[in-house]
Amino acid sequence: MKVNKWRFAISMLTMSLIGIWIMFSCPINLDGHLEKAYWAIFGLHIVMQIMIVISVSRQEADLFEPIMLVMLLYYCIFVYRPIIDIHNGDYMTFGVDPMSACPKSCVIVASSLISFWFAYYSGNKKQEPIEVSKRVLLGQSQILVKAYAVWIVAFAASVLNLVVSGKSLSYIFSLSLSGTIEDSADTGIAALSFFSYTMIAPWLYILIYDRGRTKKMIITFLMLCVYVIRGTRITLLSMAAAVVLYFYLSRKRRPKFRSVIIAVIAMLFVMSFLQAARHGIRFGDSASFSWEDFSTSMFTNVFDADLTTYKQFYAIVDAYPSKYPYTMGRAIIMQTLITMIPRAIWPGKPDVVISEVIKNAVNQSAADSGMASPNIGEYYFEFGVLGCVVLMFIVGKIFKHWKSYIASNKIEKIIAYSCLYGVVFQLIIRTSTPSLVYQYIFTIVPILLIERINIKQKKYEIEELTNGTH
């Protein structure tokens with residue numbers, strides 16, 4: 001392994017300074033269980049420091065490869081945020097103190113990350129970058145037709161889902177400034193919400209190949225209307241990430257540090273605005289938002305609910321299996337199989353397993369509030385420590401395969417990776433394997449439809465260009 005000495009020095013210095021701060025800033029007079037938790041988290045910091053420094057220092061390390069995002073999110077969730085919460089005395093979750101399970105939880109996280117890390121790098125061979133083909137697609141018009149067709153179907157399904165939930169068309173496309181919203185019973189077609197992920201790939205194809213700016217602006221606005229009214233940030237994040245990643249990956253370029261900082265600030269601003277407005281927009285009280293709601297604390301804590309999922313994980317580790325048995329595949333396997341069955345067909349369809357687990361581990365209030373845990377939490381309450389290690393190994397292998405898309409000369413692979421990057425974020429912070437499986441399917445199938453239908457045409461084009469007949 002070749003090491004970039006500059007990146008090694010910077011990453012080692014940064015992580016060491018953070019470690020020194022954690023070590024010497026430990027609050028005095030902590031309760032016994034909190035002191036044990038604090039030093040367990042410090043131990044996890046040491047383990048993650050080694051993995052992060054090695055990952056960043058590798059000569060072939062890439063800012064956009066999935067392990068960078070995984071390590072960043074895990075560090076923020078399991079080291080940064082619990083340390084800050086202990087300092088601030090904000091470690092309770094719905095009146096429950098989960099910190100006694102912190103030492104065991106840190107061991108589980110460390111073991112699982114090491115498994116993931118070895119899976120990601122094992123058998124890794126250096127590949128020379130391959131330039132994206134510069135050929136002109138003679139079938140470009142056909143690709144656009146397919147992209148528009150897929151986008152229209154996905155858009156119509158997404159709008160139908162919002163209408164069925166009680167929102168009028170004028171409410172949707174005015175971004176809640178006019179129109180009506182009504183309470184709606186469960187209609188059993190909530191699976192239509194997955195079509196919001198289907199729009200991203202064809203939209204990216206349209207941005208790439210359609211020269212009409214007006215059409216691109218219109219469909220972008222329509223997508224934003226759907227995503228904002230839905231009130232979920234992950235689709236907006238995936239949409240933005242798809243454009244940014246494709247721009248850089250297709251040009252074999254990487255953003256400068258200044259560009260990264262500007263992008264992060266812009267993302268925080270947009271997400272903060274949505275955080276302030278989402279309740280009113282989702283439930284029809286657009287007047288409930290004012291700029292007074294947009295405070296500094298909201299800007300800095302935009303991902304507060306995502307980074308504090310460690311609390312639910314600690315509580316799960318404390319409750320399973322000492323108080324409740326492992327669920328043994330009910331969430332990852334069985335729920336995946338039944339997710340797409342409408343309640344209109346199966347009124348007695350079981351509720352999501354995570355709600356039951358959160359109720360058992362924390363309380364009913366936490367479950368009713370939609371509290372979640374990181375992906376490792378689901379692996380744990382399903383199959384225990386061994387399940388965490390094995391499933392994180394599998395995730396590492398999957399991400400290793402995805403990494404190969406970065407240097408691919410196939411445009412569909414670059415588009416696929418760009419569109420799936422947001423799914424990585426969702427996987428780590430608050431996973432639900434059934435939802436993730438269908439998010440992946442509904443994201444990737446449009447690319448397969450658009451590309452595979454045109455594959456014969458593309459082969460013909462390559463032969464023409466090779467023979468010099470074009």
Between the side chain of [X] and the main-chain N/O of [Y], is any donor-acceptor distance below 3.5 Å?
X: Glu382; Y: Ile332; answer: yes
X: Tyr421; Y: Pro66; answer: no
X: Asn363; Y: Ser365; answer: yes
X: Thr309; Y: Asp306; answer: yes
X: Ser165; Y: Leu162; answer: yes
X: Ser404; Y: His401; answer: yes
X: Ser408; Y: Lys410; answer: yes
X: Arg251; Y: Phe247; answer: yes
X: Ser11; Y: Phe8; answer: yes
X: Glu378; Y: Ser432; answer: no

[Y] and [X], any side-chain heavy atoms less than 4.5 Å apart:
X: Tyr379; Y: Val390; answer: no
X: Leu391; Y: Ile394; answer: yes
X: Ile52; Y: Gln49; answer: no
X: Ile415; Y: Ile208; answer: yes
X: Leu236; Y: Leu224; answer: yes
X: Ile67; Y: Phe399; answer: no
X: Thr308; Y: Thr93; answer: no
X: Ile50; Y: Met15; answer: no

How long is the span from the [atom1] atom in [X] to the [atom2] atom in [Y], to the nearest 0.5 Å?
X: Cys388; Y: Ile108; atom1: SG; atom2: CD1; value: 6.0 Å
X: Asp210; Y: Trp203; atom1: CG; atom2: CH2; value: 13.5 Å
X: Ile22; Y: Ile41; atom1: CD1; atom2: CD1; value: 8.5 Å
X: Ser196; Y: Gln439; atom1: OG; atom2: CD; value: 8.0 Å
X: Met392; Y: Phe118; atom1: CE; atom2: CZ; value: 14.0 Å
X: Ile83; Y: Asn88; atom1: CD1; atom2: CG; value: 11.5 Å

For this session: Before giving the answer on side-chain contact (heavy atoms from CB on, under 4.5 Å), spell out for Arg81 and Tyr75 the whole-Å C-alpha distance, their side-chain angles and the decisive distance to 0.1 Å.
Result: CA-CA 8 Å; Arg81 190 52 192 257; Tyr75 190 86; over 6 Å; no
Are more than 12 heavy atoms, taken from residues, nucleotides or ligands other than [X], located less than 6.0 Å from that residue's [atom1] atom?
X: Tyr326; atom1: OH; answer: yes
X: Trp6; atom1: CH2; answer: no
X: Tyr80; atom1: OH; answer: no
X: Met334; atom1: CE; answer: no
X: Lys359; atom1: NZ; answer: no

Problem set entry | Phe78: which of Phe313, Tyr310, Phe42 passes ring pair (Phe, Tyr, Trp, His ring centres under 6.0 Å) |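 Per the ring pair (Phe, Tyr, Trp, His ring centres under 6.0 Å) rule, the option paired with Phe78 is Phe313, out of Phe313, Tyr310, Phe42.
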Exercise. Is there a side-chain contact (heavy atoms from CB on, under 4.5 Å) between Thr339 and Ser435 once you walk through the steps?
Worked result: CA-CA 8 Å; Thr339 291; Ser435 293; 5.8 Å; no
Exercise. Nearest heavy-atom pair of Ala407 and Lys252: which atoms, and what distance?
Worked result: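 Scanning both residues, the minimum pair turns out to be CA-NZ, 3.4 Å.
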Exercise. How close do Lys311 and Asp85 get, heavy atom to heavy atom, and via which atoms?
Worked result: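 That would be CE-OD2, 3.6 Å.
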Exercise. Ring centroid separation for Tyr417 and Tyr405, is it under 6.0 angstrom?
Worked result: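 They do not qualify: ring centres at least 6.0 Å apart.
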For this session: Give a yes or no on whether the ring-centroid distance for Trp117 and Tyr120 is below 6.0 angstrom.
Result: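 Aromatic pair excluded; centres sit 6.0 Å or further apart.
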For this session: Only one of Cys102, Pro103, Ser373 passes side-chain contact (heavy atoms from CB on, under 4.5 Å) with Tyr314; say which it is.
Result: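 Of the listed options, the one satisfying the test is Cys102.
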For this session: State which residue, out of Val353, Ile358, Asn360, fulfils the side-chain contact (heavy atoms from CB on, under 4.5 Å) condition with Phe381.
Result: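 The option that passes is Val353.
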Donor + acceptor pair across side chains of [X], [Y] (<3.5 Å):
X: Tyr38; Y: Ser25; value: yes
X: Tyr121; Y: Ser55; value: yes
X: Ser100; Y: Lys36; value: no

Problem set entry | Candidate pair Leu222 and Phe155, rule side-chain contact (heavy atoms from CB on, under 4.5 Å), full reasoning | CA-CA 8 Å; Leu222 294 176; Phe155 175 74; 3.7 Å; yes
For this session: Begin with the C-alpha distance, continue with both residues' side-chain angles, and end with the deciding distance and a verdict on side-chain contact (heavy atoms from CB on, under 4.5 Å) for Val445 and Thr198.
Result: CA-CA 8 Å; Val445 165; Thr198 305; over 6 Å; no
Problem set entry | Short N-O contact, Lys403 and Asp62, less than 4.0 angstrom |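 Not counted as a salt bridge, because no side-chain N and carboxylate O are separated by less than 4.0 Å.
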For this session: Could you check whether the rings of Phe64 and Tyr248 sit parallel, tilted or perpendicular, using 30° and 60° as the cut-offs?
Result: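 Tilted, since the angle between the ring planes falls between 30° and 60°.
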